[in-house]
Amino acid sequence: MTTGDWLREARGRLERAGLESAALEAQVLAAHILLRDRSHVLAHPEEDFPQLAGESLLQRRERQEPLAYILGWREFYGRRFHVEPGVLIPRQETEILVETALGLLRHETRVLDLGTGSGCIGITLKLEFAAAHVTLSDVSPKAIEIARRNAEELGADVDFVLADGFAGLGEFDLIVTNPPYIGLGETLPVEVREHEPAGALFAGPTGLEFYEMLAAESGLHLGGDGLLLMEVGYRQARAVGGLFEASGWMVEQIVPDLSGIERVVVVRQLSA
């Protein structure tokens with residue numbers, strides 16, 4: 001079988017599986033299997049293709065396994081981060097959280113990436129702003145293992161803490177977090193619901209439960225004029241802002257993503 005033949009077959013099967021970007025995903029899978037880039041795959045359709053290897057990965061994608069888990073990586077802020085089942089797959093909208101945080105960093109800022117998952121937020125902040133002191137924490141040993149691997153591979157000098165919430169953590173100038181914010185009754189695509197870790201997705205019945213914890217506890221771990229930056233779900237920004245204001249915080253910023261959806265909420269605790 002040639003590469004061109006495999007691409008046509010793979011595209012058809014992925015389309016029948018209901019995947020919107022079937023042609024692109026077929027090309028990405030072929031490039032991964034051939035250890036080439038996508039441009040090479042498209043330029044050389046006559047080359048022989050290892051059909052057996054292709055069949056294995058193609059079946060996984062037909063079953064709605066996320067492409068990032070099949071490839072073993074997802075690009076975030078221009079870098080490849082290793083991902084596998086057990087950590088949330090980085091999303092493009094989370095880059096808004098990183099960009100907002102970068103605009104607030106100063107020399108030797110103490111940063112906590114709470115619930116780090118793959119480490120994409122905290123590691124990116126350290127690589128983009130080397131003077132920051134960055135700590136990555138997560139309740140999942142698997143997440144800490146994967147984040148540590150990413151830090152080593154990307155050359156980020158960061159600290160790691162295995163912690164449930166703020167247990168055992170000290171004081172920081174900036175806390176950034178992309179917490180679980182999905183309500184238990186919300187509908188999700190199969191590839192998210194059945195493959196990504198529930199603990200990183202679902203907060204509780206309302207989807208606001210983690211923010212309630214943050215409003216109650218994060219002020220104890222912020223020094224001086226410290227700031228808390230949170231990614232929020234679709235149409236959650238105002239509810240999250242109101243929750244924090246009712247708990248003695250001031251909303252400093254609400255930042256939209258590239259689609260105009262309010263995606264990041266920045267708050268500061270008011271002085272007693």
Side-chain angles (χ1 to χ4, degrees), residues 1-99 116-121 123-124 127-128 142-143 145-156 178 188-197 200-201 257-259 261:
M1 173 177 274
T2 67
T3 296
D5 291 336
W6 190 86
L7 287 173
R8 283 187 291 274
E9 179 182 331
R11 175 179 179 173
R13 287 171 58 177
L14 293 177
E15 285 176 344
R16 290 190 291 276
L19 301 176
E20 293 182 0
S21 302
L24 175 61
E25 292 200 11
Q27 295 163 17
V28 170
L29 286 172
H32 176 71
I33 293 162
L34 294 170
L35 301 178
R36 299 282 194 170
D37 58 31
R38 205 158 55 87
S39 60
H40 178 92
V41 168
L42 293 173
H44 298 279
E46 77 288 350
E47 289 186 347
D48 288 337
F49 192 85
Q51 187 175 1
L52 188 60
E55 181 63 22
S56 172
L57 299 193
L58 187 56
Q59 287 184 13
R60 290 171 64 185
R61 190 64 184 117
E62 285 180 300
R63 293 193 296 266
Q64 307 288 321
E65 183 176 345
L67 183 62
Y69 287 161
I70 296 171
L71 301 177
W73 60 271
R74 169 61 65 87
E75 184 173 305
F76 183 84
Y77 220 83
R79 300 179 179 92
R80 282 192 179 188
F81 283 81
H82 173 74
V83 292
E84 60 185 76
V87 295
L88 194 70
I89 298 169
R91 266 71 169 178
Q92 185 178 17
E93 55 265 27
T94 302
E95 294 184 358
I96 304 298
L97 179 63
V98 168
E99 290 175 0
T116 192
S118 67
C120 64
I121 297 171
I123 290 170
T124 300
L127 293 175
E128 295 292 322
K142 181 70 169 179
E145 173 191 330
I146 293 171
R148 191 183 299 275
R149 171 177 170 174
N150 281 321
E152 291 173 355
E153 291 181 352
L154 293 168
N178 177 20
L188 292 175
V190 172
E191 67 179 85
V192 177
R193 184 183 69 247
E194 295 188 2
H195 293 278
E196 296 195 64
L201 295 168
D257 63 20
L258 297 177
S259 300
I261 297 170

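Only this structure's heavy atoms are used, side chains among them; waters, hydrogens and symmetry mates stay out. Positions are given from 1, in the same order as the sequence printed here. None of these values were measured; they are calculated from a predicted model.
- In this model, no donor atom of one side chain and acceptor atom of the other lie less than 3.5 Å apart for E55 and Q51.
- Ion pairing between a basic and an acidic side chain is recognised when a charged N comes within 4.0 Å of a carboxylate O; E84 and K142 show such pairing.
- A donor-acceptor pair under 3.5 Å is formed between the side chain of E95 and the backbone N or O of Y77.
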task = Run the numbers on H44 and R36 for side-chain contact (heavy atoms from CB on, under 4.5 Å), then give the verdict.
result = CA-CA 11 Å; H44 298 279; R36 299 282 194 170; over 6 Å; no
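- Separation of atoms CG (L71) and NE2 (H32) is listed at 5.5 Å; rounding is to 0.5 Å.
- Checked by atom type and distance alone, the side chain of T3 pairs as donor or acceptor with a backbone atom of E47 at under 3.5 Å.
- Closest heavy-atom contact between E191 and H195: O-CB, 3.2 Å.
- Within the model, atoms CG of L154 and SG of C120 stand 11.0 Å from one another, a figure rounded to the nearest 0.5 Å.
- A donor-acceptor distance shorter than 3.5 angstrom exists from the side chain of N150 to the backbone of S118, with no hydrogens or angles considered.
- Between F81 and F76, the ring planes lie perpendicular to each other; the angle is over 60°, past the 30° to 60° tilted range.
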inquiry  = Set out, in order, the CA-CA distance, both residues' side-chain angles and the distance that settles side-chain contact (heavy atoms from CB on, under 4.5 Å) for V192 and I89, then state yes or no.
reply    = CA-CA 9 Å; V192 177; I89 298 169; over 6 Å; no
request  = Determine, step by step, whether R149 and E145 satisfy the salt bridge (Lys or Arg N to Asp or Glu O under 4.0 Å) criterion, reporting the C-alpha distance in whole Å, the side-chain angles of both residues, the deciding distance to 0.1 Å, and the verdict.
outcome  = CA-CA 6 Å; R149 171 177 170 174; E145 173 191 330; over 6 Å; no
Can you give me every donor-acceptor pair (side chain of residues 20-30, partner residue at least two apart or in another chain, under 3.5 Å) with its distance?
unit_1, atom_1, unit_2, atom_2, d
E25, OE1, R61, NE, 2.6
E25, OE1, R61, NH2, 3.4
E25, OE2, R61, NH2, 3.1
Q27, OE1, R38, NH1, 2.6

task = Please report the C-alpha distance between R79 and E128 in whole Å, then the side-chain angles of each, then the deciding distance to 0.1 Å, and finally whether the salt bridge (Lys or Arg N to Asp or Glu O under 4.0 Å) criterion is met.
result = CA-CA 11 Å; R79 300 179 179 92; E128 295 292 322; 2.8 Å; yes
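- For I33 against F49, the heavy-atom pair with the smallest separation is CD1-CZ, 3.8 Å.
- Atoms CD and CD1, on E152 and I123 in that order, are 9.5 Å from each other to the nearest 0.5 Å.
- For the atom pair D257 CG and E99 CD, the distance stands at 11.0 Å (nearest 0.5 Å).
- In this structure, the side chain of R74 engages the main chain of P90 through a donor-acceptor pair within 3.5 Å.
- Rounded to the nearest 0.5 angstrom, I261 CD1 and E93 CD are separated by 8.0 Å.
- Environment of CD in Q59: crowded, with over 12 heavy atoms of neighbouring residues, nucleotides or ligands closer than 6.0 Å.
- Between R60 atom CZ and R63 atom CZ the span is 8.0 Å, to the nearest 0.5 Å.
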